[in-house]
Asks: 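Can you keep this structure in mind? I'll have questions shortly.
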Amino acid sequence: MSGEQHTLRFDDRVVVVTGAGGNPGLGRSYAQLLARRGARVVVNDLGVGPDGRGTYAASAETIAAEIRAEGGEAIADTHSVATEDGAKGVVGTALDAWGRVDVLINNAGVFRVGEFDRLPSDAISALVDVHLMGTIWMCRAVWPHMREAGYGRIVNTTSGAMTGAGYSSVYGAAKAGVWSLTRTLALEGHRHGIVVNALAPGAATGSVRVAPGTPAPPETGHPAPPEMGTPAPPETGHPAPPEMGTPEMVAPAAAYLAHESCPCSGAGIHSESGRVWESYFAQTEGWGNPGMTVEDLAAHWHRVVDRKQSRDYGDPVRDGFWPGGPPEDSR
């Protein structure tokens, strides 16, 4: 490494991290790292664990106490992100304590997987309510405060499962929705100084512990739920290898995306075991004929799906569009 690196600090920044009460957990690692770099942290967790059933314990107060024991500033919050009122409650905790919110890391989630036709209805609702709607409600709750301040950093959580992973149809669909939301919020937030990115993390967390085939914890003795009797992907959508990295190995990526110097907005970043990479949308050159018939399309299908001349969609801030034109205040 050549040259002296400037330490990226979060002094006096107010950060909300949802789903941060698990240990081991990604949210915990994010909250601890940011607090060590000067942030004031709201540690949010409903306390029901990664499966949403309390199979494994999670405690926002425990993690907040760990941060305070190290000399950091942290308070606990136990509102649910899955409702609009709950999300407003999370943000209200930050506002009551410190008067503002500078950074939001949407990490809260539940891990309920299974074959599409066997996944219980309550599991489907939980996945959509927490992963997708929880992200929407939290972003909505912080948005007016960040907009008024002219500054904000939001890190949403996606997953490699959104590109296709067995047992993860609804989970992947919710995560794909989060990525699309991220790109549009990056476009809408740009003129207000709000930077929004997505992070797909991979680590040995509590979610991996409750994956199908994992023995039930001795403290509860609860058997694995019926819909979780088959192998399932962790956060990245890949089978968990024995050497899967720790949450602390992902935390630097989350911290950089949350920092004031973050150079991108609308990006889909992945991080696992100390490696970081980007996913992006692309399209082929395709084929067209105004008088096309079904047979014409069949004959030219190879050109429709030819990826040799594909191009990416670009960054939403630079290349996104406003149907009907942007709002008056952005012109």
Side-chain angles (χ1 to χ4, degrees), residues 10 12-54 56-111 126 129-146 148-149 152-157 178 196 199 201 205-207 247 251 254-255 257-258:
F10 290 82
D12 298 323
R13 293 295 190 194
V14 176
V15 178
V16 172
V17 184
T18 67
N23 184 12
L26 289 158
R28 172 179 179 264
S29 70
Y30 302 161
Q32 289 181 331
L33 178 59
L34 295 174
R36 288 167 186 154
R37 290 176 176 255
R40 300 167 177 173
V41 183
V42 174
V43 179
N44 162 265
D45 203 291
L46 189 58
V48 295
D51 64 352
R53 297 168 163 175
Y56 283 91
S59 170
E61 179 53 44
T62 297
I63 306 307
E66 291 177 354
I67 292 172
R68 293 194 296 268
E70 290 185 359
E73 292 187 70
I75 55 176
D77 177 89
T78 58
H79 288 94
S80 171
V81 304
T83 68
E84 184 173 14
D85 287 343
K88 289 179 178 178
V90 179
V91 174
T93 297
L95 296 176
D96 290 344
W98 295 303
R100 69 178 196 268
V101 180
D102 301 300
V103 177
L104 167 64
I105 300 182
N106 280 311
N107 175 73
V110 294
F111 198 64
D129 288 347
V130 178
H131 289 284
L132 180 56
M133 294 309 302
T135 301
I136 290 173
W137 292 135
M138 284 302 304
C139 288
R140 286 262 293 188
V142 300
W143 201 263
H145 304 287
M146 290 182 172
E148 182 179 357
R153 296 293 182 270
I154 298 176
V155 182
N156 294 326
T157 301
V178 169
V196 190
L199 176 63
T205 67
S207 293
L257 293 176

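Along the sequence shown, residues carry numbers from 1. For clarity, every value in this text was computed on a predicted model and none was experimentally measured.
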Asks: Restricting to side-chain hydrogen bond (donor to acceptor under 3.5 Å, both in side chains), what partner residues turn up for Arg37, sequence neighbours left out?
Replies: none
Asks: If I take atom CD from residue Gln32 and atom CD from residue Glu66, how far apart are they, to the nearest 0.5 angstrom?
Replies: 5.5 Å
Asks: Give the minimum heavy-atom separation between Ser29 and Pro247, together with the two atoms involved.
Replies: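 Between these two residues, the closest heavy atoms are OG-O, 3.3 Å.
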Asks: Answer whether the closest heavy-atom distance between the side chains of Arg28 and Asp45 falls below 4.5 Å.
Replies: no
Asks: So which atom in Leu33 and which in Ala255 form the shortest heavy-atom distance, rounded to 0.1 Å?
Replies: CD2-CB, 3.8 Å
Asks: Are Leu257 and Leu199 packed together at the side-chain level, in the sense that at least one heavy-atom pair is separated by less than 4.5 angstrom?
Replies: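 Leu257 reaches Leu199 side chain to side chain.
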Asks: To the nearest 0.5 Å, what is the distance between CD1 on Ile67 and CD1 on Ile75?
Replies: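 Answer for the CD1-CD1 pair, Ile67 versus Ile75, is 11.0 Å.
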Asks: Can you pull out every side chain to side chain donor-acceptor pair (under 3.5 Å) where at least one residue sits in residues 84-98? Sequence neighbours excluded, please.
Replies: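 Only Asp77-Thr93 qualify under side chain to side chain donor-acceptor pair (under 3.5 Å).
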Asks: Going by heavy atoms in the side chains, are Val90 and Trp137 under 4.5 Å from each other?
Replies: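 They are not in contact (no side-chain heavy atoms under 4.5 Å apart), so the answer is no.
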Asks: Counting only heavy atoms not in Arg68, do more than 12 sit closer than 6.0 Å to its CZ atom?
Replies: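 Count over threshold, so yes.
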Asks: How long is the span from the OG1 atom in Thr83 to the CE atom in Met133, to the nearest 0.5 Å?
Replies: 10.0 Å
Asks: Working to the nearest 0.5 Å, report the span between CD1 of Ile63 and OH of Tyr30.
Replies: 14.0 Å
Asks: Between Thr78 and Leu46, what is the shortest heavy-atom contact and its length?
Replies: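 Heavy-atom minimum between the residues: O-CD1, 3.4 Å.
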Asks: Restricting to non-hydrogen atoms, name the atom on Ala60 and the atom on Asn44 that form the minimum distance, rounded to 0.1 Å.
Replies: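 Shortest heavy-atom separation between Ala60 and Asn44 comes out as CB-C, 4.3 Å.
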Asks: Between Val178 and Leu132, is there a side-chain heavy-atom distance shorter than 4.5 Å?
Replies: yes
Asks: Provide the closest heavy-atom pair for Pro144 versus Ala141 in the form atom of the first, atom of the second, distance.
Replies: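 For Pro144 and Ala141, the tightest heavy-atom pair comes out as CD-O, 3.8 Å.
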Asks: Could you measure the distance from the CG atom of Asn107 to the NE2 atom of His131? Nearest 0.5 Å is fine.
Replies: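 Going from the CG atom of Asn107 to the NE2 atom of His131 covers 10.0 Å.
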Asks: Taking side-chain hydrogen bond (donor to acceptor under 3.5 Å, both in side chains) as the test, write out the residues that go with Thr62, two or more places apart.
Replies: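 Here the qualifying residues are Ser59.
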Asks: Any idea which heavy atoms bring Thr18 and Ala108 closest together, and the distance?
Replies: OG1-N, 2.9 Å
Asks: Below 4.0 angstrom, N of the basic side chain to O of the carboxylate: do Asp102 and Arg153 qualify?
Replies: no
Asks: Find out whether Val16 and Val91 are in side-chain contact, i.e. whether some heavy atom of one side chain is under 4.5 Å from a heavy atom of the other.
Replies: no
Asks: Per the side-chain hydrogen bond (donor to acceptor under 3.5 Å, both in side chains) rule, which among Thr135, Thr157, Asn156 passes with Asn106?
Replies: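 Going through the options one by one, the only one that passes is Asn156.
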Asks: Distance from Leu104 atom CG to Met138 atom CE, nearest 0.5 Å?
Replies: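 Leu104 CG to Met138 CE: 5.0 Å, rounded to 0.5 Å.
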